[in-house]
Amino acid sequence: MDTVIVQLPEPRPEAASGGRSARSCAGPPRPAAAARGPAPARPALLHLGPGESAEFGRGEPGRPAAIPLADQGISRRAGEVTAAEDYWRLSNFSPSATYVVENLEGAGEHVKVAPGRLGAPVPFEFSRVLLPALGEPVEFKVFAPQHAYLDGESAAHSGELTVSPFALDPTSKYFLVLLALCEPRLRSPSAAVVPGATDVVERLRALPSCRGLTRSAVNYHIDYLVATKLRLREAPEEAAAPGPRSGGKREELVALALKFDLVREEHLALLPPRHGR
């Protein structure tokens, strides 16, 4: 049974069968199109079963890479993908380049694989591997099997009930404030600036429940999130410092909310449409 599928970056070359235990194909055949010209080429796929490996890179004379990456800035043997049961491992053969594996379903979630690292486990189901190159970073995609999850809740045992550490109500106004603070980084993980109170007021004002929202109310909701809902701790030096510290609070809130998936991309539907963007 196949566990990992690699989508090759280009149409599969004739000789790209370098992985000793890899099996390559271009996907199941499609019905011929009727008088509409040839169907667009489907991405070439490389199927790996448990324990099988495939090398990526430029390849060596007489030994093409199973995952060919045609850029002079990439080593001939740049690394290796190894399939496990429901995840995969990445080995970085480069002595100097760090590789990045992005979660295609996450908001900027990624792992870095340092030079020389062997067998780094990748937990994502849909991944993009990025390698630094002479031009744009070279990439290929890796799809792992759907992860298994507990079906329902675990069996109840005697004793005190477990209390949720982050009990947030998505229908509440404080959640909308938190969502507006996190929106830039949910949409673009590289966004550095967290919105201020005025920005949040302007972003939420189109919602009927937020037409009377003010800067003071936004700051109140931020304080409520910090002190009660997420219980952030202030560093002693910050607590002793005079003047407003709302910027630091907002940064901490956003970092914590995104780290534990308290706000996710599907929550963006709760915000009003962004006009002119």
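The model shown is predicted, which means the values in this text are computed figures rather than measured ones.
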Student: Ignoring hydrogens and geometry, is there a side-chain-to-backbone donor-acceptor pair from Tyr174 to Asp169 under 3.5 Å?
Tutor: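 Confirmed, Tyr174 side chain pairs with Asp169 backbone.
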Student: Does Arg128 use its side chain to pair, donor to acceptor, with the backbone of Glu102 at less than 3.5 Å?
Tutor: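 Answer holds: no.
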Student: Test your reading of the model: is there a side-chain donor-acceptor pair from Tyr99 to the backbone of Ala78, 3.5 Å cut-off?
Tutor: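 Flag set: sc Tyr99 to bb Ala78 pair under 3.5 Å.
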Student: Between atom CD of Glu252 and atom CZ of Arg250, what is the distance when rounded to the nearest 0.5 Å?
Tutor: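 Interatomic distance, Glu252 CD to Arg250 CZ, rounded to 0.5 Å: 11.5 Å.
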Student: Scan Leu258, Leu230, Val263, Leu262 and name whichever one has a side chain to side chain contact (heavy atoms under 4.5 Å, CB included) with Leu253.
Tutor: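 Of Leu258, Leu230, Val263, Leu262, side chain to side chain contact (heavy atoms under 4.5 Å, CB included) with Leu253 is met by Leu230 alone.
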Student: Rounded to the nearest 0.5 Å, what separation is found between the CD atom of Glu60 and the CD atom of Glu55?
Tutor: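 The CD atom of Glu55 is 7.5 Å from CD of Glu60, to the nearest 0.5 Å.
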Student: Please check this pair: side chain of Asn92 against backbone of Val113, looking for a donor-acceptor N/O pair closer than 3.5 Å.
Tutor: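 Here the side-chain-to-backbone pair exists.
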Student: Is the count of non-hydrogen atoms from other residues, nucleotides or ligands lying under 6.0 Å from Glu85 atom CD greater than 12?
Tutor: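 No, not enclosed.
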Student: With clusters defined by side-chain heavy atoms of hydrophobic residues (ILVMFWY) lying less than 4.5 Å apart, directly or transitively, does Phe93 cluster with Val138?
Tutor: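 Looking at the clustering, Phe93 is in a separate group from Val138.
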Student: Quick one: CD1 on Ile74 to CG on Leu134, what's the gap to the nearest 0.5 Å?
Tutor: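 Those atoms lie 8.5 Å apart.
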Student: Determine whether Leu168 and Tyr224 fall in the same hydrophobic cluster, where Ile, Leu, Val, Met, Phe, Trp and Tyr are linked whenever their side-chain heavy atoms lie under 4.5 Å apart.
Tutor: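 The answer is yes; both residues are in one hydrophobic cluster.
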Student: Using only atom types and a distance under 3.5 Å, with no angle test, would you say the side chain of Arg264 pairs donor to acceptor with the backbone of Asp261?
Tutor: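 Checking the backbone N and O of Asp261 against the side chain of Arg264, a donor-acceptor pair under 3.5 Å is found.
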Student: Do you know the tightest heavy-atom contact between Ala97 and Pro132?
Tutor: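 Here Ala97 and Pro132 meet closest at CB-CG, 3.8 Å.
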Student: Report yes if the side chains of Leu46 and Phe56 come closer than 4.5 Å at any heavy-atom pair, otherwise no.
Tutor: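 No, side chains not in contact.
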Student: On a heavy-atom basis, which atom in Thr98 and which in Ala114 lie closest, and how many Å separate them?
Tutor: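 For Thr98 and Ala114, the tightest heavy-atom pair comes out as OG1-CA, 4.3 Å.
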Student: Where is the tightest heavy-atom contact between Arg215 and Val201, given as atom of each residue plus distance?
Tutor: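 Looking at all heavy atoms of both residues, the shortest contact is N-CG2, 3.7 Å.
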Student: Find out whether Arg185 and Val194 are in side-chain contact, i.e. whether some heavy atom of one side chain is under 4.5 Å from a heavy atom of the other.
Tutor: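 Yes, at least one pair of side-chain atoms sits under 4.5 Å.
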Student: Would a 4.5 Å heavy-atom cut-off, applied to side chains only, mark Trp88 and Thr3 as touching?
Tutor: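 The answer is no, as the side chains (C-beta and beyond) never meet within the 4.5 Å cut-off.
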Student: If I compare all heavy atoms of Pro195 with all of Ala180, which pair ends up nearest, and what's the gap?
Tutor: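 Minimum heavy-atom separation between Pro195 and Ala180: CG-O, 3.6 Å.
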Student: Going by heavy atoms in the side chains, are Ile5 and Val142 under 4.5 Å from each other?
Tutor: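 They are not in side-chain contact.
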Student: Which label fits Phe126 and Phe143: parallel for a plane angle under 30°, tilted from 30 to 60°, or perpendicular past 60°?
Tutor: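 Correct class here is perpendicular.
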Student: Determine yes or no for a side-chain-to-main-chain donor-acceptor pair under 3.5 angstrom, with Lys229 supplying the side chain and Ala167 the backbone.
Tutor: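 Answer holds: yes.
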Student: Please check if the number of heavy atoms outside Glu266 that lie under 6.0 Å from its CD is greater than 12.
Tutor: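 Enclosed: over 12 neighbouring heavy atoms sit under 6.0 Å from CD of Glu266.
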Student: For a side chain to side chain contact (heavy atoms under 4.5 Å, CB included) with Val200, tell me which candidate from Leu179, Leu181, Leu178, Leu176 qualifies.
Tutor: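 The side chain to side chain contact (heavy atoms under 4.5 Å, CB included) with Val200 is passed solely by Leu181 among Leu179, Leu181, Leu178, Leu176.
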Student: How many angstroms lie between atom NE2 of His110 and atom CG of Asn103, to the nearest 0.5 angstrom?
Tutor: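 That separation rounds to 11.0 Å.
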Student: Do Cys210 and Arg205 touch side chain to side chain, with heavy atoms closer than 4.5 Å?
Tutor: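 Sidechains of Arg205 and Cys210: no contact.
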Student: Quick one: do Val226 and Phe166 end up in the same hydrophobic cluster if we chain Ile, Leu, Val, Met, Phe, Trp and Tyr together by side-chain heavy atoms under 4.5 Å apart?
Tutor: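 Yes, it is one cluster - the side chains of Val226 and Phe166 are joined through contacts under 4.5 Å.
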Student: So Arg274 and Arg203, do their side chains get closer than 4.5 Å, heavy atoms only?
Tutor: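 Arg203 vs Arg274: side chains touch.
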Student: To the nearest 0.5 Å, what is the distance between CD (Glu125) and CD (Glu105)?
Tutor: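 If we round to the nearest 0.5 Å, Glu125:CD and Glu105:CD are 5.5 Å apart.
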Student: Do the rings of Phe175 and His267 sit parallel, tilted or perpendicular, given the 30° and 60° boundaries?
Tutor: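 Perpendicular.
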Student: Please report the shortest heavy-atom distance between Pro9 and Pro68, naming the atom on each side.
Tutor: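 So the two residues come closest at CG-O, 3.4 Å.
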Student: Do you know which two heavy atoms are closest between Pro61 and Arg76, and how far apart they sit?
Tutor: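 Reported closest heavy-atom pair: CD-NH1, 4.1 Å.
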Student: For residues Arg63 and Arg77, determine if any side-chain heavy atom of one lies less than 4.5 Å from a side-chain heavy atom of the other.
Tutor: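 Side-chain contact under 4.5 Å: yes.
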Student: Taking Gly196's backbone N and O only, do any of them form a donor-acceptor pair with Asp199's side chain (distance below 3.5 Å, no angle check)?
Tutor: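 It does hold such a pair.
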Student: With heavy-atom distances below 4.5 Å as the criterion, would you say the side chains of Leu232 and Lys249 are in contact?
Tutor: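 A side-chain contact under 4.5 Å is absent here.
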Student: To the nearest 0.5 Å, tell me how far Ser127 OG sits from Glu109 CD.
Tutor: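 Ser127 OG to Glu109 CD: 9.5 Å, rounded to 0.5 Å.
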Student: Would Val193 and Leu256 show up in the same hydrophobic cluster when neighbours are defined by side-chain heavy atoms closer than 4.5 Å?
Tutor: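 Different clusters.
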Student: Do you reckon Leu268 sits in the same ILVMFWY cluster as Leu270, going by side-chain contacts under 4.5 Å, direct or chained?
Tutor: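 Linked, Leu268 and Leu270 end up in one cluster.
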